[in-house]
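The chains referred to below are lettered A, B, ... by the order of the sequence lines, with proteins before strands, and numbering in each begins at 1. Keep in mind that the numbers below use all heavy atoms, side chains included, and drop hydrogens, waters and symmetry copies. What you see is a predicted model; the values in this text were computed from it and never measured.
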Amino acid sequence: MKKIRDFINRADISKFRFWIQLFFFIIFIYGGYFSINLGNSIPVFSCGYDKEVGGMCYFLPLQHQLARPLDVLLSAASISVAIGFVTFLLWFIVFNKAWCGYACPLGTMQDWLTGLRKRVGISYSTYTQPQFNKLKKIKYILLALVILAPIGVGLGLLGGEWRTAFCEICPGRMITPLFVGDTSQWSLDFSTKSAAVLTTIGLIFTGLFIVGSFIKKRFFCFFCPMSAMHYIFSDVALLKLRKDGDKCTKCGDCYNVCDMQIKDIADDVQSTNILRDDCIFCMKCVAACPEDDVLYVDFINYPIFKSTKGGFTKRMQMDSLEKKDD
Amino acid sequence: MVNFIKRDNDDIYSKPIMGFLFKNQKFLLTLKIVVLALFLYALYFGFAHTGKDNTFTYALFWGIFWSLFMVATLPTFGRIFCGICPHGFMGKYITKFGLKKKMPKWMQNRYIGLFLLVFGWWGIYYMFPGVYRTPLGTATLFTVMTLISFMVYFVYRDMSYCKYICPIGVLTRAYSKLSFTWLGTYKSACNECKTFECATACPHGLKPFTFDSRNSMTDCTLCMDCSDACEAVSFKYKKPSFSLFSKFQILKAEVWAYILILASIPITMSFHHGIGRSNAADDMIWSKTAEFFKGFMSFGSVDPIGLFAFLYAMLFTISAALIGMLIASKILQKDFSKVFYDLGYSYAPLFILGSLAHSLETFFMRGYKQIVEGFAHGFGFDLHVLSLAQRGDSWLHVFGLLKWVAITWALIILYKRMKLLDADKMRKIIAYPFAASLIVFFLSVNMYRAYIIDTYGRASGDHRSHKVMKNFNTHTKGVAKKVTATDIIYFTDKNPVAKKSSGWNGSYMQGGARREVPSKKVWPVFKNESDKLNCIRDIHANLYLLDTNLEVTKVKQSKGRGCKSVSFKMPNNGYYNLFYSDSFVQKNTLYTSTAKYEYMRFNHSNDAVYDEQKMSAHTIKEIPFDILRLREDGETFYHRLYSGDNIRIKAILNSKPIEGASIKLSTETGWSKTIKTGKDGIATFILLKDYFPEWNKFDRRHKNKFLLTATYTQKIKGEYLYDDYEKIKHTVTYPSMYYPNSSAYKSYAYGLLAAVVTMLLSGVAIYWYRRRNYQPFKEVRFDEKD
C-alpha cells in the first residue's frame, strides 16, 4: 500500500495529465465517430455545435430548456430541466473542477497553444492583482447571461436569437467544430440586429481567444461561466483540493506554477478547502509543493495525491530543464 | 448615548443609499409630510369629486397603499408602512399635547383592531361588494378612521391606537416577523448606557435596546426616531423570518391574525372569486346554503353567496387549524394552547406571499395604469398609458411560484419551531403533518380551485368564451362551403376564420396541467374562382391517418358549427400523414381528390431513434394517386427545407411510379412551376429564394409556404356508385414550407474579417505594449571614491 502511495506521490503529473487530456479530447470532439454519446449534461465546454460531439456542454441544452415559454417552463417542463441539472451535478460532483484541468477540450486546446507558444519563444504575461480581482467577476456576468438571456426569451422580452446568447459569443462554438472540418460557425448572422451584434462579438472573442492563448496561460478559463457554475456547487463535490495551513511555509512555489494565478493557494493558511473559483484543478500546485502533506487531493476524505518532499525532489530534477525556458 | 459607532457590514445604516433612505431624518420627515399631504389631498378629492371619473382617490388608497405597498414591504423590509403612516406621524404630535391617560384595561385588547379588519372590512366587503371602493366611500371611511385615531391619540398615551385599535396594527406587527430587517442596538455600546435616549425618543414607549434579547421588535413601527437619538441603534439585514426560529414571547392575537386573515382573504377569494366564477359554482356548499336561506328570508342588498362563502371559509380555516393542532398536541402530550400558539407562527407566510403574488400580478395588469393615470388625473393632467402586461401573458405565471415559496417557507418555520418544543423526537415526527394541517388546507384549496376551473371551465358569462363564439358566428357564414368536383382541397394548419387579434390563445391553461400527448389540428380548405379561401362546412370525404408505426386509422372531423377541422394525436416522434380522400363523378369523368398533410413530430428527446424505413415517405392503399416527398441522404429529426434545396417528388398511381403526371409547385407569393414526372415517376424542384424583406425586417424563421398539386388523367372506363365514367382525373395536394437559406443572412467574409482584424489589432497592441515596457538590462556603476 505504501509503495503504491509513494509511486503516485512521486508520479510525473504533467505526463499523466497530457494523456488524460488527449483521451478526453478525442472522446468529446470525435466521440461521434465511435458512436460515443455521454449525453448532453457534460460540465465542460465540449461544444454541441461540433457534429461529432461525444457528450455535450451542459449550457446548450440548459439554455434551450430555459428559453421555453414561462408557463411551460414552470409546469411540466421543469421536470426536464431538473433532470438535466441533476445529471450535470452527478457528473460534476465526482471530479469537481478537475473537469476543467483534465477533460475540457477547450482547456486542452489552450494548453496546447501554450505549448506552441513555448516552442515559438513568446513570453507570457500575468495580470496584476487589482486587474485580477476586477476581471474575475466577468465569469459571473457571463453565467448570468447564460441563465437570464433564455429566460428573457421565454418571457417574450428578447428575440429568439438570444435563446443561446452565450453560445453565440462563446469562442468554443467557432473553434471546436474546426476539428471535424466544419467551418460553418465562422460567419456573421445578419438576420437580426442583435444576432449580428452577438455573432460579431463571438468572432471578436474568438480572435481574442487565439491571441490571448499566446500571451496568457489558460486565457479563456478565467472568464469561463462554466467555471463559475462549478464553483457554486464545488462544496458538495467528492474530489477536493485541501491545504494544511499549519505546515505551509509560504514559499510561493504553488503560486508560481499556477496557470490561473491564484494567490490564495500560497497566501491562505486558514482554509482547508483551498479550491477557488478560478481553479482548474490541474494539481500542479500539489506537485510543486516541497513540503510533506501540505497540499493534497482527497476523494471522499480519502487522500489520493499528496505533496511530498520526495516527490518534489524527483520532479524537480526531471523538470529542471523545462523550468528554465518557461 | 453614543455619537459614533463602527457599524457592522450587514447594517443598513452603513450602506450609502439604503442608509440615506432609512436614516436621514430630513429625508424621512419630508417623506412623511409628502405622504400626509397626499393622504389629505386624496380625502379632499374624494369628497369633492364623488363621481366615477375620480380615479385619483382610488389609485392612492386601493392602488398603492392597500394592498400593493403594504404586502410588498411587509415580508421584505418590515413595517415601513407603519413608519410612514400619516396617522402615526400626526399621532406622535397629537399625543405630545394630549391628556396622556392610561388606556383602560378593556380597551387594551388587540382583538379590537383584528375584529374591525376581519368583520368590519372584509365581512362588509363580501356582503356589499364595492361599497368601500367608491371615491366617496373611500374618503368617508378614511376620514372616520382618521378622526377616531386622532381622538384616541389625544386621550391616551404611548400611541395606544396603533397597538389596539388600528385595524391593520396587529396585521403589520404579525407579518413583519417575516422581514429580513431588524432594528436593534449594538450591545457593546448599550451595556454602559445609563441614559436610554432611544427609549425616550420612541413615541410608542418601547425600549429598542431590549429588542435583541427579547428576540422581538414588539410594536416597533420603524419610524426611525430612535436612530436619530442614538447612534448605537442598528438596522440590520438578517435571514428572513429568523426571529421565528428561536423563542420569544408569543402574542396570541398574532396567531389569530394569521388564521383569520388567511380565512378572510385568500380562502374566501378562492371560494367566492375563484371557484365562484367556474361552471361548478352553483354546486358549492355556500351557494346552496344561500339558496336555502333565500327561501326563508330576504337579504335585501346583501350578497348572500359572498356572505356564506366568507362564513364557510372562516369555519373551514379555523377548524383546520384547531383540529390539526389539537391532534398534534395530543401526540406531543403537551398543553394545547402552548402547541397551538407556538406552532401557529408557521402560518405567517401563507397569506402574505400569496397576496403579494396577487398584488404584483394586478399591478402589472391594471394597477400600474390605474396609478399613473389616477395621479395624473389628481393633479389635473390627462394621461393615458398602456398596462405593463395583458391578462394571460405567460411571464405573469412567475408570480405563481410565490405561493409555493409560501408553503415551503411555512413548513420550514414549522420545522424550526417544532425543534424548540421539548418533546420526544418520534412524537414530533408524527405530530408534524397534523401541525401542518392549515398549510395543507391552504395548499388543497389552491389545488382544488385549479382542478375545478380545469375540469368545469370558467362560467360562460366570462368575456373570453363570449368573444370566441361571436367570432365563429359572424365569420364562418360566408366562408364555409360545400365542395364540388373541381375544387382542389388542401390542408392548412392555420384557422381560416381566426382573426389574428383574438387576445386569447386556446392553449392557455390553469396551473401545471398540460396535455401529455401533443396534437395537430388542420383545416381542409379550397379556393374558389375568385381566389377566396373557403373552408368546409361538413366533410363527407374519408379521412385516414398514417402514424409513425405505419398503421392506418380512420379519423373523424371536428364537432361543432363553422369550419370543420381534423385533429390527430401524435404520441411518437416521426412523420404523421393525414389523407383526405373524396370522389365525384361529373360529365363522365371520375374525379378523385386527395389532400395529404405530412407532419413530423419531434420532441427533441435523446431517446428518439431515426428509423430510416419508418421515416421514409409512405402512401396508403386507400389512396389511388399520391405524391411522396422523397427523403434525401442523411436526413435526421432536425431536417428542414431551405431555399435552394432540391426536393424530389415521386408520383404514385396504385402503388406504382407513374410517368407524365404533372406536378405544380406554387408558393404563397403566387409563383408556380409545373413539371411532368420522368420515367421513374420523379420530378425535381429547386426551392427558390422567394423572400426579400427589408433588411431590418428579415426573419430567418420565415416560413415560405408552398403547395404541391399533382394531377394525372387516366383513360379508363368504369363505374362509381352507379355512375359510369370514361376517364379518371386524379388530383393530390401536399402543402409544405421552407425556410430562408442561411446564405441569405450569414456571411463568412465578414466573420473571418472580424476575427482576423481582432487578432491583428490585439496582436499588434500587445507587441507594442511589450516593446514599450521592455527595459534592456543596464549596468549601474557606483563610484566608490566619494
Bottom line for B/L752: the part with an atom under 4.5 Å from chain A's heavy atoms is both

What residue in A/S184, A/P61, A/G212, A/A195 has the most heavy-atom pairs under 4.5 Å with chain B?
A/S184

Given heavy-atom pairs under 4.5 angstrom as the criterion, report whether the side chain, backbone, both or neither of A/I204 touches chain B.
both

Output the option from A/L203, A/T206, A/D189 having the highest count of non-hydrogen pairs under 4.5 Å with chain B.
A/D189

4.5 Å side-chain heavy-atom contact, B/Y738 and B/L688
yes

Which pair of heavy atoms, one from B/E635 and one from B/E632, lies closest together, and at what distance?
OE2-N, 2.9 Å

In Å, rounded to the nearest 0.5 Å, how long is the span from NZ of A/K118 to OG of A/S123?
13.0 Å

Do you know which of B/A755, B/S747, B/A754 has the most heavy-atom pairs with chain A at a distance under 4.5 angstrom?
B/S747

Rounded distance [0.5 Å steps], CZ in B/F363 versus NZ in B/K369:
13.5 Å

Classify the angle between the aromatic ring planes of B/Y739 and B/Y642 as parallel (below 30°), tilted (30 to 60°) or perpendicular (above 60°).
tilted

At a heavy-atom separation under 4.5 Å, does B/R770 approach chain A through its side chain, its backbone, both, or neither?
side chain

What are the two closest non-hydrogen atoms of A/I175 and A/M109, and how far apart are they?
CG2-SD, 3.5 Å

Greatest number of non-hydrogen atom pairs under 4.5 angstrom with chain B, of A/S125, A/G202, A/S187, falls to A/S187

